[in-house]
Amino acid sequence: MICFPAKMNLDQWIEQLFDCTPLAEGQVSTLCVKASEILATESNIQEVECPVTVCGDVHGQFHDLMTLFRSGGKLPETRYLFLGDYVDRGMYSVETVTLLVALKVRYPDRITILRGNHECRRITKVYGFYDECLRKYGNTNVWKIFTELFDFLPLAALINGHILCLHGGLSPRINNLDDIRGLNRMQEVPPHGPMSDLLWSDPKESSGWDSSRRGAGFLFGENISERFNYTNALSLVTRAHQLEMQGFKWRHNRNILTIFSAPNYCSRCGNKGAIMQLDETLQFSLWVFPK
């Protein structure tokens, strides 16, 4: 049984957030303290059971998140797994990340939220979340509260022991899942190294490893993903991080699936969004929006 502080009216806060109304600074602080307690108990690779709905980047596109929930199903009836990048770019990063954190506190076993490359101090100072917090609250306290919370987010999830989910991709410094479990995630995302690679890397068409034009992470080929999945008895690596015009894209002979859940990214890209719904037998369906 989850115990909430007396000053936390969580259901009322969630209702307010679903109306796209931000919480007060003190409420955000109280919420994030409780969220950090819950996230601190989770593993670097959080175990998730089917059925589950897997979602990619949302990037502060609050109204598209509402479409996602209407189509994917309500919590707690539907179990959700989000792959990171809740903030930056969109106009409603504060409301988006606050709602997802509130849902995590309210239904900790029904929603898993992973860390993306934008859940860090350095990136959010450049791509919008810092400025949005300053504009909406008149100071940077809420930005500091959330970026401290981001250090607690898991790096990956493992669905029924067979599907690894993370934000970015693979790393030449990580050969097996225990390598991920052994990382110290309770820190700002380093500019380089295995933790950074998990949040920044991308698949490529040619074989082997290459440096990434992003300035962090690597590009990895089909032979890399095939070997990683075979070594770790995985059927699939599901990741986010890359805009896909149809909302999703299979790569590397279906060893890699990219899901992107922010349609018409930045209000100009014209792309679709997508989510993946997995049933109890790991059979999947991909839902694309808008139709």
Side-chain angles (χ1 to χ4, degrees), residues 10 12-25 27-29 31-32 34-36 39 53-75 78 80-107 110-121 123-137 140-150 152-154 167 199 240-241 243 247 259-269 271 273-275 289-290:
L10 193 54
Q12 181 179 323
W13 293 358
I14 289 172
E15 183 178 352
Q16 175 180 330
L17 289 163
F18 268 111
D19 287 334
C20 200
T21 302
L23 299 183
E25 179 184 318
Q27 294 170 329
V28 172
S29 178
L31 177 68
C32 287
K34 187 62 183 179
S36 66
L39 293 169
T53 296
V54 184
C55 310
D57 300 36
V58 292
H59 277 299
Q61 296 185 198
F62 180 87
H63 296 97
D64 294 312
L65 179 63
M66 295 300 98
T67 301
L68 186 159
F69 280 137
R70 284 194 296 270
S71 302
K74 294 182 178 181
L75 284 152
T78 301
Y80 280 96
L81 168 58
F82 284 84
L83 305 184
D85 277 15
Y86 316 114
V87 299
D88 288 337
R89 305 288 195 182
M91 294 178 62
Y92 301 100
S93 292
V94 166
E95 295 85 350
T96 297
V97 71
T98 309
L99 175 59
L100 291 173
V101 170
L103 292 171
K104 177 64 182 177
V105 173
R106 182 66 178 86
Y107 307 111
R110 301 297 294 174
I111 179 171
T112 301
I113 50 175
L114 304 183
R115 193 171 195 173
N117 64 304
H118 279 260
E119 275 71 60
C120 79
R121 297 159 183 82
I123 298 300
T124 53
K125 276 193 171 182
V126 177
Y127 291 101
F129 185 49
Y130 177 92
D131 291 333
E132 182 181 331
C133 291
L134 183 59
R135 183 174 69 253
K136 290 180 177 177
Y137 288 97
T140 61
N141 293 342
V142 165
W143 174 81
K144 292 176 183 177
I145 291 166
F146 274 116
T147 52
E148 288 174 3
L149 179 67
F150 293 160
F152 288 82
L153 293 171
H167 182 73
L199 307 187
H241 193 45
L243 183 152
I259 298 174
F260 195 80
S261 303
N264 195 26
Y265 183 48
C266 297
S267 300
R268 65 174 182 267
C269 291
N271 60 290
I275 57 177
F289 64 102

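Note that this is a predicted model, so its numbers are computed, not measured.
E119 contributes a side-chain N or O that, together with a main-chain N or O of G116, makes up a donor-acceptor pair within less than 3.5 Å. At distances below 3.5 Å, at least one donor-acceptor pair connects side-chain atoms of D85 with backbone N or O atoms of N117. Judged by distance alone, with hydrogens and angles left aside, the side-chain atoms of E132 form a donor-acceptor pair with the main-chain N or O of S93 at under 3.5 Å.
With a 4.5 Å cut-off on side-chain heavy atoms, V142 and L134 do not count as touching. At a threshold of 4.5 Å between non-hydrogen side-chain atoms, the residues E148 and S36 do not count as touching. H63 has its side chain out of reach of M91: every pair of non-hydrogen atoms, C-beta onward, lies at least 4.5 Å apart. In this structure the side chain of V54 never reaches within 4.5 angstrom of the side chain of F82, judged on heavy atoms. Side chains of Y86 and V101 form no contact here, defined as non-hydrogen atoms less than 4.5 Å apart. For the pair D57 and L83, the minimum side-chain heavy-atom distance is 4.5 Å or more. You'll find the side chain of F289 reaches within 4.5 Å of the side chain of P263, heavy atoms only. Put simply, the side chain of H118 reaches to within 4.5 Å of the side chain of Y127, judged on heavy atoms.
Ring to ring, Y80 and F69 are close: their centroids are under 6.0 angstrom apart.
Among residues two or more places apart in sequence or in another chain, the side-chain hydrogen bond (donor to acceptor under 3.5 Å, both in side chains) test is passed with E15 by none. For the ring pair (Phe, Tyr, Trp, His ring centres under 6.0 Å) test, residues two or more places apart in sequence or in another chain that qualify with H167 are H241. With sequence neighbours left out, T147 forms a side-chain contact (heavy atoms from CB on, under 4.5 Å) with R121, T124, W143, F150.
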### Query
Given L81 and I111, is the side chain to side chain contact (heavy atoms under 4.5 Å, CB included) satisfied, shown in steps?
CA-CA 6 Å; L81 168 58; I111 179 171; over 6 Å; no
### Task
Dump the intermediate steps for side chain to side chain contact (heavy atoms under 4.5 Å, CB included) on K136 and E95, then the final yes or no.
CA-CA 10 Å; K136 290 180 177 177; E95 295 85 350; 2.9 Å; yes
### Task
Please lay out, stage by stage, how D88 and V126 fare under the test side chain to side chain contact (heavy atoms under 4.5 Å, CB included).
CA-CA 9 Å; D88 288 337; V126 177; over 6 Å; no
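Taking both residues in full, the closest heavy atoms of V105 and K34 are given as CG1-CG, 3.6 Å, listed atom of the first, atom of the second, then distance. Annotation for V94 and P22: closest pair CG1-CB, 4.2 Å, computed over non-hydrogen atoms. The nearest pair of heavy atoms linking L199 to R115 is CD2-O, 3.2 Å. Y265 and N271 make their closest contact through N-OD1, 2.8 Å (heavy atoms, listed as atom of the first residue, atom of the second, distance). Annotation for C55 and I275: closest pair SG-CG2, 3.7 Å, computed over non-hydrogen atoms. Heavy atoms only, all atoms of each residue included: G56 and S261 are closest at N-OG, 2.8 Å.
Between K104 atom NZ and L153 atom CG the span is 9.5 Å, to the nearest 0.5 Å. With rounding to the nearest 0.5 angstrom, the SG atom of C32 is 10.5 Å from the CZ atom of F152. Interatomic distance, Y137 OH to E25 CD, rounded to the nearest 0.5 Å: 8.0 Å. Rounded to the nearest 0.5 Å, atoms CG (L17) and CG (L23) are 4.0 Å apart. Summarising the geometry, atom CD belonging to Q12 is positioned 8.0 Å from atom CD belonging to Q27; distances are rounded to the nearest 0.5 Å. With values rounded to the nearest 0.5 angstrom, D19 atom CG is found 10.5 Å from L99 atom CG.
More than 12 heavy atoms of other residues, nucleotides or ligands lie within 6.0 Å of CZ in R135, so this atom counts as buried by the packing criterion.
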